[in-house]
Amino acid sequence: MHGAVAAERARLLGSDHPDTLASRYEVGFTLSRTGRPADALCEYAHVAQAREGVFGPDHPDTLAARQESAYALGQLGRHDEAHQTYTSVLAARERAMGPDHPDTLRCRHNLAFTLTRLGRFEDAYQMACEVAEERARVLGADHRDTLATRYEAAYALGKLERWGEALLIYHEVAEARAQALGADHPDTLAARFEVGIALGRLDRGAEALALYRALVEDRTRVHGPTHPETLRTRHGVGVNLGRLGLWEEALAESRNVYALRKRVLGPNHPDALVSCREVAVGLGWLGCWDEALIEYRHVADARERVLGPDHPDTLASRNDEGHCLEQLRRE
């Protein structure tokens with residue numbers, strides 16, 4: 001729809017007319033949010049360049065296109081380039097709009113997100129805390145943007161292994177989102193999921209298991225039984241069954257989730273391979289090392305095909321395979 005409008009506007013008004021560029025911007029937005037970030041990046045790059053020529057480099061519309069270019073770069077895993085673009089856009093936004101403008105704060109939030117993806121967790125946490133404080137002052141403590149930044153701060157804390165602090169923030173965000181957005185809103189459910197992650201990391205497996213079982217019921221009701229987020233939560237059930245030493249139940253759950261993920265997402269999808277690995281872990285704990293080796297080897301081979309032999313996930317899988325072979329030699 002947006003593509004047809006953009007083409008018609010280009011024919012009637014010209015390719016650099018503001019209305020044509022607005023339509024192309026919407027095309028980029030749709031591409032970005034529907035899993036086509038490379039195509040989105042091409043649209044945004046054109047729009048940003050054209051808007052700079054028409055409006056100037058610090059115009060809000062030019063900066064909006066450049067900021068979305070950075071978002072698409074992040075989706076493509078090009079986080080260094082995304083960081084450079086966000087930094088440049090932020091400086092321009094602060095000049096043109098001031099530090100407290102919601103668009104400036106959104107750019108700083110995105111920059112904090114990118115710092116996390118670059119492994120700069122302490123910097124990301126500090127920036128997220130600052131942005132959350134500013135957003136609370138400008139927008140309100142329970143505004144969804146404020147809560148999104150607090151969520152990002154908690155994520156950085158988890159990466160820093162500060163799980164007790166992360167758990168507290170995730171709890172608060174989940175409760176605030178339930179009040180502001182509703183108990184069944186995807187953002188509320190996402191925060192509850194992260195509460196479960198933190199509980200598991202703190203060796204509170206029984207609490208994590210109870211949370212995930214309740215969350216599976218809610219996600220099944222809201223999204224359906226085969227939705228990727230429902231299956232992700234069921235994966236959490238299996239992991240925490242294992243943490244509690246209930247390996248027969250853990251293996252059964254992992255096998256069920258693996259079968260569904262293969263069918264819904266495809267056999268080489270990262271989530272499917274994570275489930276396959278969890279099956280192998282369960283088999284190993286039950287002493288079935290010959291069967292575990294088959295699954296570990298499958299994951300390693302698939303990751304090597306998809307990600308390459310030197311990718312960290314591939315190397316981790318080869319390490320799993322080697323550990324399994326050692327166990328078999330001891331038998």
Side-chain angles (χ1 to χ4, degrees), residues 113 116 121 125 128 132 141-142 144 146-261 264-265 270-279 281-282 285:
F113 179 94
T116 304
F121 305 129
Y125 172 64
D142 291 337
R144 66 185 300 170
T146 306
L147 297 176
T149 307
R150 294 196 68 206
Y151 182 96
E152 194 61 34
Y155 185 83
L157 282 169
K159 290 294 186 179
L160 291 165
E161 299 295 329
R162 293 163 61 179
W163 286 106
E165 296 165 81
L167 175 62
L168 180 62
I169 296 176
Y170 281 135
H171 261 308
E172 291 173 351
V173 170
E175 291 174 6
R177 282 177 169 174
Q179 289 293 320
L181 304 173
D184 290 343
H185 191 279
D187 290 351
T188 305
L189 299 176
R192 286 176 60 197
F193 182 89
E194 295 298 334
V195 169
I197 292 282
L199 287 169
R201 296 286 187 172
L202 290 166
D203 294 324
R204 294 163 63 177
E207 294 170 75
L209 180 60
L211 184 150
Y212 279 133
R213 280 178 163 159
L215 189 55
V216 166
E217 291 183 11
D218 291 337
R219 284 205 180 278
T220 301
R221 176 172 48 78
V222 174
H223 300 304
T226 61
H227 190 278
E229 290 298 333
T230 305
L231 297 178
R232 188 166 174 245
T233 309
R234 286 190 62 185
H235 175 81
V237 169
V239 168
N240 283 284
L241 284 167
R243 283 194 175 116
L244 294 170
L246 302 170
W247 285 108
E248 292 281 0
E249 294 175 61
L251 178 58
E253 185 69 3
S254 297
R255 278 179 163 153
N256 288 335
V257 174
Y258 178 41
L260 287 168
R261 279 178 158 174
V264 173
L265 303 172
D271 289 353
L273 295 176
V274 166
S275 282
C276 184
R277 183 188 181 278
E278 200 62 30
V279 169
V281 169
W285 276 97

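- For the residue pair Gly224 and Thr230, the shortest heavy atom distance occurs at O-OG1, 2.8 Å.
- Looking only at side-chain heavy atoms (C-beta outward), Trp247 and Val281 come within less than 4.5 Å of each other.
- Classification of Arg243 and Asp203 as a salt-bridged pair fails, no side-chain N sitting under 4.0 Å from a carboxylate O.
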Next item on the list: Begin with the C-alpha distance, continue with both residues' side-chain angles, and end with the deciding distance and a verdict on side-chain contact (heavy atoms from CB on, under 4.5 Å) for Arg261 and His235.
Entry: CA-CA 10 Å; Arg261 279 178 158 174; His235 175 81; 3.8 Å; yes
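- Nearest heavy atom pair, residue Thr149 against residue Ala132, reads CG2-N, 3.5 Å.
- At least one side-chain heavy atom of Arg213 sits under 4.5 Å from a side-chain heavy atom of Val237.
- With hydrogens and angles disregarded, a donor-acceptor distance shorter than 3.5 Å links the side chain of Thr188 to the backbone of Gly182.
- Between Tyr155 and Tyr125, the ring centre distance reaches or exceeds 6.0 Å.
- Pairing each heavy atom of Arg192 with each of Leu211, the nearest pair is O-CD2, 3.3 Å.
- Closest of all the heavy-atom pairs between Ala176 and Asp142 is CB-OD1, 3.9 Å.
- In this structure a side-chain-to-backbone donor-acceptor pair under 3.5 Å is present from Thr220 to Val216.
- A cation-pi arrangement is present between Arg232 and Phe193, with the terminal nitrogen or guanidinium carbon under 6.0 Å from the aromatic centre and inside a 45° cone about the axis.
- Leu147 places none of its side-chain heavy atoms less than 4.5 Å from the side chain of Asp187.
- Of all non-hydrogen atoms in Ala208 and Gly200, the two that sit nearest each other are CB-N, 3.9 Å.
- Stacking of Arg177 on the aromatic ring of Tyr151 is recorded, both the 6.0 Å distance cut-off and the 45° axial limit being met.
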Next item on the list: Kindly indicate, with the supporting measurements, whether the criterion side-chain contact (heavy atoms from CB on, under 4.5 Å) is fulfilled by Leu167 and Arg204.
Entry: CA-CA 11 Å; Leu167 175 62; Arg204 294 163 63 177; 3.4 Å; yes
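- In the model, Trp163 has a side-chain atom that pairs as donor or acceptor with a side-chain atom of Glu161 under 3.5 Å.
- Distance NE2/His223 to CG/Leu231: 11.5 Å, rounded to 0.5 Å.
- His185 places a side-chain heavy atom less than 4.5 Å from the side chain of Arg144.
- Surrounding CH2 of Trp285 are at most 12 heavy atoms belonging to other residues, nucleotides or ligands under 6.0 Å away.
- Counting heavy atoms from C-beta outward, Glu175 and Val195 have side chains that stay 4.5 Å or more apart.
- For the pair Ile169 and Arg150, the tightest heavy-atom approach, listed with the atom from each and the gap, is CG2-O, 3.4 Å.
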